[in-house]
Amino acid sequence: MTTTLIIAEKFDAARRISYILSGGTSKQKRSQGLNYIEYSDKDDRTVMVPLSGHIVELDFQEEFRDWSKADLSRMIFSELITKVKNKTAHETLTRMAQEADRIIVATDYDREGELIGQEALNIIGVDADSDKISRAKFSSLTAPEIKNSFADLIKVDRDIADSAAAREEIDLIWGSVLTRFFSVAARRLGTNFLSIGRVQTPTLALIVRREEEIHNFVPEKYWRIVATFFKDEEFQGELESGPVKSKEEAEEILDAINGKDGNVIRFTMENVPIKKPPPFNTTEFLREVSKIGISPARAMRIAESLYTSGLISYPRTDNMVYNRTLPLKGIVEKLSKSPFSKEAQMVLDQEKIIPSRGKVEATDHPPIYPVSAPGNRALKGEYMRVYELIVRRFLATLYRQGLEERKEASIDIGGRSFITRGRKVLDPGWLEIYPYRRIYENFHPDLAEGETVKVISVNPLEETTKPPPRYDMGNILKTMEELKLGTKSTRHDILEKLQARGFIEGNPIIPTGLGIALIDAVTTVKSTISEPEMTAHLEDDMDGIANRRKTRDTVVNESREMLLVVLKDLDGNREKVKEIINKGLTKGEKIGTCPEHNTDVMLLKDRERVRFWCVTEGCQIKYDMFINGKVTSTEKKCPICEKPIVRIIRRGQSPEERCVDPKCKYNLQRQELGVCPSDGGKLIIRQSRYGKRFVGCANYPACTVTYPLPQMGYLTITGETCEFCKAPLLISTRGNRKWKFCPKMDCEFNHKGKKKASEKKVKPVKVEKKGKKTVKRKKTRKVKTNEKTAT
DNA sequence: GCAAGGTC
């Protein structure tokens with residue numbers, strides 16, 4: 001009896017490999033908290049152990065524990081220690097290895113996979129060159145590929161593992177040393193630490209540089225000359241030679257063509273296919289999911305959970321082409337017994353199913369697709385939305401393409417040519433299944449060359465050139481991918497980190513004052529750490545190690561020497577670094593323009609306190625408040641006082657927009673609950689200076705009517721008036737409890753008709769637009785809204 | 001309380 005131990009990188013791979021090799025006889029086993037798979041063939045027993053990625057991680061020695069005391073230059077050259085990260089895997093491996101006559105490393109066939117295999121062998125304590133050890137080389141989990149790889153085993157490759165190990169060491173050393181330098185220099189320790197890394201810092205730099213571009217952008221005026229024509233209906237065209245730079249030029253053109261008819265000099269009409277989207281790989285999936293308001297990091301966690309519960313395929317993949325062996329039709333049939341039966345049936349009703357293909361054809365895993373229907377395990381909230389997106393995308397890639405009609409004409413008015421375009425969807429095709437895309441249509445009549453069309457008007461439209469847009473979660477992921485920053489499995493994590501550390505916020509992404517200051521400080525010193533090139537260089541070195549042109553030690557040591565130079569340079573600039581970061585923190589950020597002085601209005605956030613001020617000295621705009629939430633700029637002006645409008649995002653609530661002036665009436669206009677019984681004014685929800693909510697009359701201070709409100713719970717406007725005191729009746733929802741009440745606490749309504757009223761069904765109107773999440777959550781988390789208003 | 005890379 002011989003025993004073979006096979007080591008896989010993840011459970012999914014272990015299951016499939018053992019299924020293929022055993023011809024379906026493999027059994028999943030569980031012993032003392034360890035999961036593994038086993039099968040036997042006559043005298044051969046095979047045990048398959050799934051890891052979950054890396055089992056160990058590197059760290060510094062104990063002596064460098066204290067950030068303020070550690071000597072960074074010594075740290076650079078210190079020996080690193082290996083810590084076990086996954087105890088269960090460690091235990092399983094050691095136990096199983098004892099019985100094994102031979103060991104096959106079957107981790108993913110890439111650098112990290114080779115290192116993960118090497119880590120496992122190190123734990124078992126066998127020499128990689130031993131005859132007991134071999135390596136299966138496969139690049140997809142398909143039967144022929146797996147069978148071949150196990151029939152033709154190779155040796156483990158120490159050099160490839162070394163190349164990944166070098167990356168690991170360099171990332172840790174550079175990241176930790178620079179993280180500590182900046183944190184200590186700026187005296188930001190504990191949870192406020194500043195972090196630096198090979199991937200996160202260049203990513204932050206991209207965002208900061210884009211913000212600078214926007215800030216430095218000088219807008220220029222231009223005029224579009226737009227003609228409105230009439231045939232059957234109105235349609236518009238624009239001067240074909242493009243916009244003009246001055247108003248005079250625009251007027252000259254208008255004068256020249258004033259009162260003249262249009263003459264069609266060209267007309268084309270064609271039917272153009274609306275191409276199907278490609279299957280989802282991780283990046284595409286995350287780009288799309290961020291459009292429905294779910295952050296990439298959250299979407300990945302949801303996808304992970306959908307994957308482990310067997311609803312979708314492996315979510316970390318580069319592939320955008322369905323493998324030929326994938327039973328597409330079978331999957332659609334499964335989906336016909338899901339909430340998407342109608343869409344699935346539409347796909348099945350086609351004569352032939354032809355899947356779309358994306359540009360990337362990798363062999364790691366198939367594109368992301370639904371594996372099964374949720375059945376009774378009803379998915380809720382964001383889980384359902386993510387699953388639905390994946391299902392609809394999958395079905396869309398299998399449905400027919402759409403068709404649209406495009407018309408285009410050149411119409412001459414007095415010697416000037418105007419171009420007109422029309423678009424009409426003839427067949428939405430896959431768009432019927434995939435509602436996340438919208439196609440804008442516009443009317444255009446059929447024309448003929450030489451035809452005369454009536455010109456209703458020609459107008460110059462004043463426009464200004466726009467700065468480049470901010471990155472959003474979708475296109476920053478794409479840019480990172482193009483610059484080879486991070487991997488499909490880490491990019492979303494990096495972005496979440498930048499957010500959690502307070503360097504960026506919002507979507508579109510805005511760097512915070514701290515984020516900008518950090519990049520400023522990092523670039524005071526010549527170093528590649530804020531450039532994507534650091535990664536490119538590292539990649540080259542890794543290739544060098546894998547090809548045995550270099551060794552792991554020389555690469556890591558060279559990198560250490562480079563870091564030492566950077567550190568020395570930084571050390572000489574310690575004061576400057578501190579100053580830049582502290583200045584960045586007190587500088588604030590521009591959130592609008594002062595209507596009186598036309599100068600910048602600034603915002604400074606420090607934990608929950610928020611300060612707004614105009615940079616002109618002596619200006620009345622100077623407000624200090626407590627706002628428990630994120631405050632961001634809207635670029636809007638208050639319609640009442642023209643001061644900047646800011647957006648406040650509180651956890652679990654939809655954003656509130658308010659004027660920076662706490663006394664401004666704009667802040668009192670919304671959330672109308674009903675009519676004030678005293679003077680007939682609007683009753684609204686207001687916040688006291690201590691952040692308590694209450695009902696008050698919008699005519700304050702002329703009218704001082706107020707009612708108290710329960711501080712917790714979700715409020716719904718009923719539109720009804722209390723029969724006893726004429727105050728507006730409200731419904732409070734907290735967890736499963738729901739009751740109607742009169743805000744006048746001692747009102748008879750609350751004592752008499754209470755029971756009946758709470759059971760009555762009332763159509764709710766939302767008062768505070770809270771996200772569904774908050775409403776559904778059973779334990780209402782306490783959301784403080786301490787806002788010091790100047791009332 | 002550091003990084004980035006696997007994966008749960």
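Every chain is numbered from 1, with letters handed out A, B, ... down the list of sequences.
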Sequence-aligned protein contact record of nucleotides 2-7 of chain B, with B where the base is within under 4.0 Å of a protein heavy atom and S where only the sugar-phosphate is:
BBBBBB
Between A:Glu531 and A:Arg209, does a salt bridge (Lys or Arg N to Asp or Glu O under 4.0 Å) hold up when you go through it step by step?
CA-CA 12 Å; A:Glu531 306 293 334; A:Arg209 278 175 206 142; 3.4 Å; yes
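- A side-chain hydrogen bond (donor to acceptor under 3.5 Å, both in side chains) with A:Glu119 is found for one member of A:His54, A:Lys85, A:His90 and no other, namely A:His54.
- More than 12 heavy atoms of other residues, nucleotides or ligands shown are found within 6.0 angstrom of NZ on A:Lys155.
- Atom OH of A:Tyr19 is surrounded by 12 or fewer heavy atoms from other residues, nucleotides or ligands within 6.0 Å.
- In plain terms, the two heavy atoms of A:Leu477 and A:Pro296 that are nearest each other are CD1-CG, 3.9 Å.
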